[in-house]
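Heads up: the structure comes next, in structure tokens.
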Amino acid sequence: MALQLYNTLSRSLEPFEPQEPGQARIYVCGMTTYDLCHIGHARAMMAFDVAVRYMRFAGYNVTYVRNYTDVDDKIIARAAELGEPPLELAKRFCDALDEDLASMGLIEPDHSPKVSEHIEGIVTMTASLVDQGFAYAADSGDVYFAVESFERYGKLSGKKLDDLRAGERVALDPNKRNPADFALWKSAKDGEISWESPWGAGRPGWHIECSVMSSHHLGESFDIHGGGIDLIFPHHENEIAQSECAHGTHPMAKYWLHNGHLSVVERDEAGDWQQIKMSKSLGNVVNIRDVVADMPAEALRWVYVRTHYRSPLPYSSEALHDAMGVLARLYEAKERAQEIANTAADSDPSKLAKESAKAGELYKLIAGFRDAFEDAMDQDLNTALASSLVLDVVRTINRVSTDKVTKRRGAGLMRNALQVFEISAQVLGIGGMEPAAFFAELREKQARVQGVDVAWVEAQLQARLDAREAKDWAAADVIRDELLKKRIVIMDSPSGVTWRIQV
RNA sequence: GGCGACGUGGCCAAGUGGUAAGGCAAUGGUUUGCAAAACCAUGUAUCACCGGUUCGACUCCGGUCGUCGCCUCCA
């Protein structure tokens, strides 16, 4: 099977057929950089991160563009509040965003254009729309796109101009011919950041930058345009209008992909989930850096990956804790597989599979893994299914790791099994760490979160080890119970003692 | 008012017409000095409800109820 994507334009699943075979061009609406990136934004970033990773995995040569909107009303307002030049504020948050996304293991786009660097192109496209009669300059110095001039207006969102309840929620603007007309260019108010234009000093409207930057990097008609579900209208609808009118080509993009929203949920007194709004005033905004400071970033990725990108995602700290536990199991399996791969003798895995039923089970699972994984991802990037296939392998590795035949001669088999983690790491961004590094990071971060003194723990562990060597089980157990009270769990194994903080 | 999405075991969550993956939690067991981890076993799921199409529907169609999103800035 080949990749199929759900296209918002047709509201159906379509086979992915890029304009140029083997080459995929994708544009994703990034962030308006007036604040830190929170886990809701991160979901969108993750959805398209995985999409691009998978397309590359599947053999496409992908050109991936994700913009920063660094000129915007909210940025100007925030900058005024803080007494900071708007572009400096935007730059600060662009850098913070880069840092946060890198900490989550997101791949970098091939191009990350900023509005402030494309003003000339924006003026040119706006002028072209005015010249062609698709836009008009009002006396105020604002330039508006005339939605009635574009017959396909509404094709993405399914909205009809007559149905839009103009003026109901926002005061009508007397400068506009139709209330649905939107600004391509906004005249500068006193002291605002502005650029010169044929219509006087001003700055770009909200939607035009994406039309300009996408065509700049990907051409007038490209393959995939992505963003959050909330952007369908008006943002993407308006992008289509601008681009297709300015260029006289269509479609602007063949496939429109939209990720569902994340919502924060908490348990109420009855134990039922209650949806709560993530907002500054409630003080419950969860930023990427808050999460990544407390645990390995893959835990957060796991939360995203476990739900299909188009479904709503209920987020809770409980889900994040579950994810940490699952990842620990995954890395323990990887560690077991590595140990056998490093210490066992080599033997043809197919022969081993005949000698031991357990080895045979793993052999079979691994042999079919890549196809099954691709089938899952081909179904509109079904990471929920794909990730559960990884867990199937994890369970089977754990089961086989006690098998005598495998322990003795299973190096080859386990090397094959380890490729599953490589695929998972490549596509989902999960499972690529060295197990020891994962556990060290988990322990270090959780120790800080829970206020545990690592040196003290190590000392306790040594004392317990001494007691155990003396077979003084009672003393050893007292120490273990003491540690457990501080949520430190001890795990004895033939290769030594490890510990973990209960999450 | 318009457009759209969702409702699957205690919870989360896949499911591409042929009676339901995976995860978490729970219980029992194997293992362990005892634990932890791991593994094994255990879930009668009226797939919101009511009709329809079909040999057969969680899956398609219509309706009802409920939750949510967009129509203003929003990932």
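Lettering follows sequence order; numbering is per chain, from 1.
Shown here, B:A41 forms a base pair with B:U27; the pair counts as Watson-Crick or G-U wobble because both key distances fall under 3.5 Å. Pairing for B:A21 is absent, with no Watson-Crick or G-U wobble pair whose two atom distances lie under 3.5 Å. Base pairing annotation: B:G9 forms no Watson-Crick or G-U wobble pair, as no partner gives both donor-acceptor distances under 3.5 Å. Across all strands shown, nothing is found opposite B:U16 as a Watson-Crick or G-U wobble partner with both distances under 3.5 Å. The pairing partner recorded for B:G69 is B:C3, the criterion being a Watson-Crick or G-U wobble arrangement whose two distances lie under 3.5 angstrom. Across all strands shown, B:G52 is found opposite B:C60 as a Watson-Crick or G-U wobble partner, with both distances under 3.5 Å.
Between A:L442 and A:P296, the shortest heavy-atom contact is CD1-CD, 3.6 Å. Taking every heavy atom of both residues into account, A:I122 and A:P204 meet most closely at CD1-CG, 3.7 Å.
Straight-line distance from the CG atom of A:L262 to the P atom of B:A5: 21 Å, rounded to whole Å. The distance from atom CE of A:M377 to atom P of B:A21 is 22 Å, rounded to the nearest whole Å. When rounded to the nearest whole Å, the span between CZ of A:R310 and P of B:A13 equals 15 Å. Straight-line distance from the CD1 atom of A:I232 to the P atom of B:A5: 10 Å, rounded to whole Å. Rounded to whole Å, atom P of B:G33 lies 14 Å from atom CG of A:L465. Following rounding to the nearest Å, A:I288 (CD1) and B:A75 (P) show an atom-to-atom distance of 12 Å. Here B:C12 presents its C1' atom at 13 Å from CG of A:L391, a figure rounded to the nearest Å. Distance, A:H236 NE2 to B:A75 P: 10 Å, rounded to whole Å.
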Between protein and nucleic acid, restricted to nucleotides 68-70 of chain B and to nitrogen or oxygen atoms under 3.5 Å apart, what atom pairs and distances do you find?
{"residue": "B:C70", "atom": "O2", "partner": "A:K159", "partner atom": "NZ", "Å": "3.4"}

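The same atom, P, is picked in B:C3 and in B:U46; the two are 34 Å apart, to the nearest Å. Separation of the C1' atoms belonging to B:C47 and B:G9 is 10 Å when rounded to the nearest angstrom. Taking atom P in both B:A36 and B:U27, one finds a spacing of 12 Å when rounded to whole Å. A gap of 33 Å separates the C1' atoms of B:G23 and B:G33, to the nearest Å. Of the C1' atoms belonging to B:G52 and B:C40, the separation is 46 Å, rounded to the nearest Å. For the P atoms, the distance linking B:A41 with B:C24 amounts to 15 Å, nearest Å. Nucleotides B:C6 and B:G43 have their C1' atoms positioned 25 Å apart, rounded to a whole Å. Of the P atoms belonging to B:U59 and B:U16, the separation is 11 Å, rounded to the nearest Å.
Ring to ring, A:Y255 and A:F16 are close: their centroids are under 6.0 angstrom apart.
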What's the verdict on side chain to side chain donor-acceptor pair (under 3.5 Å) for A:Q379 and A:Y6, showing C-alpha distance, side-chain angles and the deciding distance? CA-CA 9 Å; A:Q379 290 172 52; A:Y6 182 86; over 6 Å; no
Test A:Q446 against A:M324 for side chain to side chain contact (heavy atoms under 4.5 Å, CB included), laying out the working first. CA-CA 11 Å; A:Q446 286 290 302; A:M324 257 195 290; 3.9 Å; yes
Before you tell me yes or no, could you show the steps for A:R500 and A:E332 under salt bridge (charged side-chain N to carboxylate O under 4.0 Å, His left out), namely the whole-Å CA-CA distance, both residues' side-chain angles and the distance that decides it to 0.1 Å? CA-CA 12 Å; A:R500 192 194 291 170; A:E332 264 163 30; 2.3 Å; yes
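Using a cut-off of 4.0 Å between Lys/Arg side-chain N and Asp/Glu carboxylate O, A:D73 and A:R203 are scored as salt-bridged.
The base of B:G22 is paired with the side chain of A:R306 by a donor and an acceptor separated by under 3.5 Å.
Ring-plane geometry between A:Y331 and A:F439 is classed as perpendicular, the angle between the planes exceeding 60 degrees on a 0 to 90 degree scale with a lower cut at 30. Ring geometry for A:W256 versus A:H236: interplanar angle of 30 to 60°, hence tilted.
Nearest nucleotide to the side chain of A:D392, out of B:G15, B:A75, B:G22: B:G22. Taking only side-chain atoms of A:R11, from C-beta outward, the nucleotide of B:A75, B:G4, B:U16 with the closest atom is B:G4. The A:T307 side chain lies nearest to B:A14 when the options are B:A75, B:A14, B:C73.
Residue contacts for A:G40: at a heavy-atom cut-off of 4.0 Å it reaches a base atom on one of the strands shown. Among the protein residues, A:T498 comes within range of no part of the nucleic acid, since none of its heavy atoms lies under 4.0 Å from any strand. Here A:G154 lies out of heavy-atom contact (under 4.0 Å) with every strand. Within the nucleic acid shown, A:D73 has no heavy atom closer than 4.0 Å to any nucleic acid atom. The residue A:D322 sits close only to the backbone: its heavy atoms come under 4.0 Å of sugar-phosphate atoms, none of a base.
Exactly one residue among A:E237, A:H235, A:E239 makes a side-chain hydrogen bond (donor to acceptor under 3.5 Å, both in side chains) with A:H207. That residue is A:H235. In summary, of the residues considered (A:L106, A:D100, A:L97), a side chain to side chain contact (heavy atoms under 4.5 Å, CB included) with A:M45 occurs for A:L106 alone.
Positionally, the nearest nucleotide of RNA chain B for A:N382 lies more toward the 5' end than for the other of A:N382 and A:S388. Take the nearest nucleotide of RNA chain B for A:E318 and for A:H308: the residue whose nucleotide is more 5' is A:E318.
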Within the 4.0 Å limit for protein heavy atoms, which parts of nucleotides 34-40 of chain B are touched? Write it as a string from 5' to 3', B for base, S for sugar-phosphate only, - for none. BBBSSSS
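Residues passing the ring pair (Phe, Tyr, Trp, His ring centres under 6.0 Å) test with A:F373, sequence neighbours excluded: A:F369.
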